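Structure record follows, encoded as structure tokens.
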Amino acid sequence: MTEIRIPASREYSVWIRRGLLDRAGERVAAVTGARRAALVGDERVLSLHGARAKASLEAAGLETAVCSFPGGEQGKTLETYGAVMNFLAERRLERTDVLVALGGGVTGDLGGFAAATYQRGMRLAQIPTTLLAAVDSSVGGKTGVDLAWGKNLCGCFYQPDLVLCDPEVLTTLPPEVFRDGCAEVIKYGLLGSEEFFHSLESTPVESQLETVIARCVAMKRDIVAEDEFDLGRRQLLNLGHTVGHAVEARSRYSVSHGCAVSIGMAVVARGAAAMGICSGDTAEAVVRLLRRYGLPTETAYSGRELYEAALSDKKIRGGKLHLVVPEAIGRCRVMTMEPEKLRDWLEAGGVKWM
Ligand code: GLY
């Protein structure tokens, strides 16, 4: 069993072990001391893993109610959030009870936001069932829902009490969902470790799954420890997300998060090479690795469409855009610029304006 301690405002552990889903109840009960649990997930994930998770929670003495919602980023709305809140209230759950978010990034964000705000904060366990959630969204306490105006515009920071990751669950993911997580994994390599980036070239993620999850979580731990509230270094984790979120929003979330981030990383890497911030070889290595994992590196949207979508993004703060750009494999920096400069970056990155 791998345990990674996250030293945030609420300190907690991420446990990684095959078969952990069947032992989830013990850990949830021991860490939270809750009497009751709300097991929250989308219909697909609950049909696959809900019975095992519920049995494990009940075996540990937790009275468990199951709250399901339709899946997909389209469902990460205030309406679904309201339905989860009403579910908790109708069953008279208390703040000492635990919300168990079983699923991918949408469930983690939505469930986390419900836990953060129900009676001003109840106990929270994250059980990621996608690679993307395991390496990124289940750790670090970002919670929220989308608004019609953009992604994650309504939310808060709320660290979980524990994160339980069972890599076995990830081996049965549909290929396109697994691939989505690979984009975030490649992001960690490009951000912080040349050696890790090259290991992804030589050994597929699925052949080193536990190691990959542990390395990504450890990198995220270091960033969150330094900048929990995303005021400085944590912005590096937005590599590929400025253009990525614009692609997602513009497609009304029919382009998945991982594919959108992949496009975003490719655009920004090409742009950085064109502007002399990184070498052409660096940009080529990024695009090559993304493609090796079957990830897209081009978009059919015009620069104008993406620019307009990007203006609603949270990454514009104080009227400035904070764009994460690669300098080399394993080293990136945050560049602060006028939002209009994004047009130059899109064009340099190979996205035609019209
Ligand atoms: N997913 C980016 C972050 O947690 O900051």
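Counting starts at 1 for both ligands and their atoms, following the listed order. None of the values given here were measured: they were computed from a predicted structure.
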key: atom 4 (O) of ligand 1 [closest protein heavy-atom partner, distance rounded to 0.1 Å]   = Lys220 NZ, 2.6 Å

message = Checking a contact table here: which protein heavy atom is nearest atom 1 (N) of ligand 1, and how many Å away?
response = Asp136 OD2, 2.9 Å

message = Within the structure provided, determine whether Val217 and Val163 are in side-chain contact (heavy-atom separation under 4.5 Å).
response = no

key: Pairwise side-chain contact, Leu102 with Leu21, heavy-atom cut-off 4.5 Å (strictly under)   = yes

query = Ignoring hydrogens and geometry, is there a side-chain-to-backbone donor-acceptor pair from Arg27 to Trp15 under 3.5 Å?
reply = no

request  = Looking only at distances, please establish whether an N/O atom of ligand 1 is found under 3.5 Å from an N/O atom of Asp230.
outcome  = no

task = Indicate the ring-plane relationship of His257 and His245, choosing parallel, tilted or perpendicular according to the 30° and 60° boundaries.
result = tilted

